Amino acid sequence: MHEIRLNKLKNRLYFTLGKIEDRKEMKDIIHKTEVAVKSLLQGFSCLSDLRFYDNPDEKDEFIKVVQEILWDSGIGLVVRVKDKNTKSPCFSFEENTVLWPAYRVKEADSLVVAESMLDMYNA
């Protein structure tokens, strides 16, 4: 399950991930992300809702591709909303890497807080 949508007035990408079923869905997410970022201006923000993301390690690699798309498109700030019980990074490849992803990522414990953080960033 996933949803990718835009708010062009806020110059913001909304990225929601749940349980990813298969490689076809991963390719669909990559494609939708590539299309979406073309409609945003450099320095755009992203609210990444990962509260229901099912992150089996073998599926995390496609997220690296998505992160590279965001970086190459000039993203400014990402605020991630994670499950409150998750204390580690969402993606296994981020655990041992100091500078990955290469853009700023903050965390929030709710969608409302994340939206507020991003609104302050864009103000």
Side-chain angles (χ1 to χ4, degrees):
M1 190 274 322
H2 69 275
E3 179 184 29
I4 298 169
R5 62 186 177 85
L6 301 173
N7 181 325
K8 289 185 182 181
L9 290 175
K10 290 187 175 187
N11 197 34
R12 185 165 303 151
L13 175 69
Y14 291 86
F15 193 78
T16 301
L17 289 181
K19 181 174 174 48
I20 306 302
E21 296 297 331
D22 52 28
R23 294 208 177 274
K24 181 181 181 299
E25 185 174 9
M26 288 183 240
K27 287 181 181 180
D28 189 39
I29 292 167
I30 290 168
H31 174 72
K32 287 178 180 176
T33 303
E34 289 172 328
V35 170
V37 296
K38 290 177 181 174
S39 297
L40 297 169
L41 302 172
Q42 183 127 5
F44 67 92
S45 59
C46 176
L47 192 156
S48 185
D49 182 357
L50 303 174
R51 293 172 297 155
F52 304 105
Y53 180 60
D54 179 16
N55 78 351
D57 290 342
E58 68 275 4
K59 292 183 179 176
D60 275 356
E61 283 301 312
F62 92 97
I63 292 293
K64 263 186 153 172
V65 174
V66 171
Q67 289 180 342
E68 288 171 358
I69 293 166
L70 297 176
W71 173 252
D72 291 343
S73 300
I75 193 163
L77 175 65
V78 173
V79 175
R80 288 181 183 166
V81 181
K82 300 189 323 184
D83 177 354
K84 292 178 183 167
N85 297 321
T86 303
K87 296 197 187 301
S88 65
C90 289
F91 310 112
S92 59
F93 60 83
E94 291 179 347
E95 291 176 358
N96 298 318
T97 307
V98 176
L99 296 175
W100 190 266
Y103 48 81
R104 294 186 306 160
V105 177
K106 295 187 177 195
E107 292 184 6
D109 54 8
S110 75
L111 294 174
V112 171
V113 170
E115 189 78 31
S116 175
M117 290 169 70
L118 290 169
D119 286 346
M120 287 178 11
Y121 166 77
N122 283 49

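These figures come from a predicted structure and were not determined experimentally.
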Checklist entry - Would a hydrophobic clustering, with Ile, Leu, Val, Met, Phe, Trp and Tyr connected at side-chain separations under 4.5 Å, put Val81 with Phe52? => result no

N/O donor-acceptor pairs under 3.5 Å from side chains in residues 10-17, not counting sequence neighbours:
unit_1, atom_1, unit_2, atom_2, d
Lys10, NZ, Glu115, OE2, 2.8
Lys10, NZ, Asp119, OD1, 3.3
Asn11, OD1, Leu41, N, 2.8
Asn11, ND2, Leu41, O, 3.2
Arg12, NE, Ser45, OG, 2.9
Arg12, NH1, Glu115, OE2, 2.6
Arg12, NH1, Asp119, OD1, 3.0
Arg12, NH2, Leu118, O, 3.2
Arg12, NH2, Asp119, OD1, 3.2
Tyr14, OH, Glu115, OE1, 3.1
Tyr14, OH, Glu115, OE2, 2.7

Checklist entry - For the atom pair CD (Gln42) and CD1 (Ile75), what is the distance rounded to the nearest 0.5 Å? => result 11.0 Å

Checklist outcome for this item: To the nearest 0.5 Å, atom NE2 of His31 lies from atom CD1 of Ile4 at 10.0 Å

Item to check | CA sep, side-chain torsions, deciding dist, call: Lys32, Asp28, salt bridge (Lys or Arg N to Asp or Glu O under 4.0 Å) | outcome: CA-CA 6 Å; Lys32 287 178 180 176; Asp28 189 39; 3.2 Å; yes

Next on the checklist: Rounded at 0.5 Å granularity, tell me how far OG in Ser73 sits from CD in Glu68.
Outcome noted: 11.5 Å

Checklist entry - Shared ILVMFWY cluster between Val35 and Val37, side chains joined below 4.5 angstrom? => result no

Next on the checklist: Do Leu77 and Phe44 have side chains that approach each other closer than 4.5 Å (heavy atoms only, starting at C-beta)?
Outcome noted: no

Checklist entry - Can you tell me how far the NZ atom of Lys38 sits from the CD1 atom of Ile69, to the nearest 0.5 Å? => result 9.5 Å

Item to check | Asn7 versus Leu9, closest heavy-atom pair with distance | outcome: OD1-N, 3.0 Å

Checklist outcome for this item: Nearest heavy-atom contact between Arg80 and Gln67 is NH2-NE2, 3.1 Å

Checklist entry - For Lys82 and Glu107, which heavy atoms make the closest approach, and how far apart are they? => result NZ-OE2, 3.2 Å

Checklist entry - Quick one: OH on Tyr121 to SG on Cys46, what's the gap to the nearest 0.5 Å? => result 11.5 Å

Item to check | Residue pair Trp71 / Val66, side-chain heavy-atom distance below 4.5 Å | outcome: no

Checklist entry - Do side-chain atoms of Thr33 reach the backbone of Ile29 as a donor and acceptor pair under 3.5 angstrom? => result yes

Checklist outcome for this item: Hits for side-chain hydrogen bond (donor to acceptor under 3.5 Å, both in side chains) against Glu3, two or more places apart or cross-chain, chain-then-number order -> none

Next on the checklist: Starting from Met1, can I reach Ile20 by hopping between I/L/V/M/F/W/Y residues whose side chains sit under 4.5 Å apart?
Outcome noted: no

Item to check | Minimum heavy-atom distance Ala114-Leu47, with the two atoms named | outcome: CB-CD1, 3.8 Å

Next on the checklist: What's the separation between atom NE2 in His2 and atom CG in Asp49, rounded to the nearest 0.5 Å?
Outcome noted: 13.5 Å

Checklist entry - Under the side-chain contact (heavy atoms from CB on, under 4.5 Å) criterion, do Met26 and Asp22 qualify, and how do the steps go? => result CA-CA 7 Å; Met26 288 183 240; Asp22 52 28; over 6 Å; no

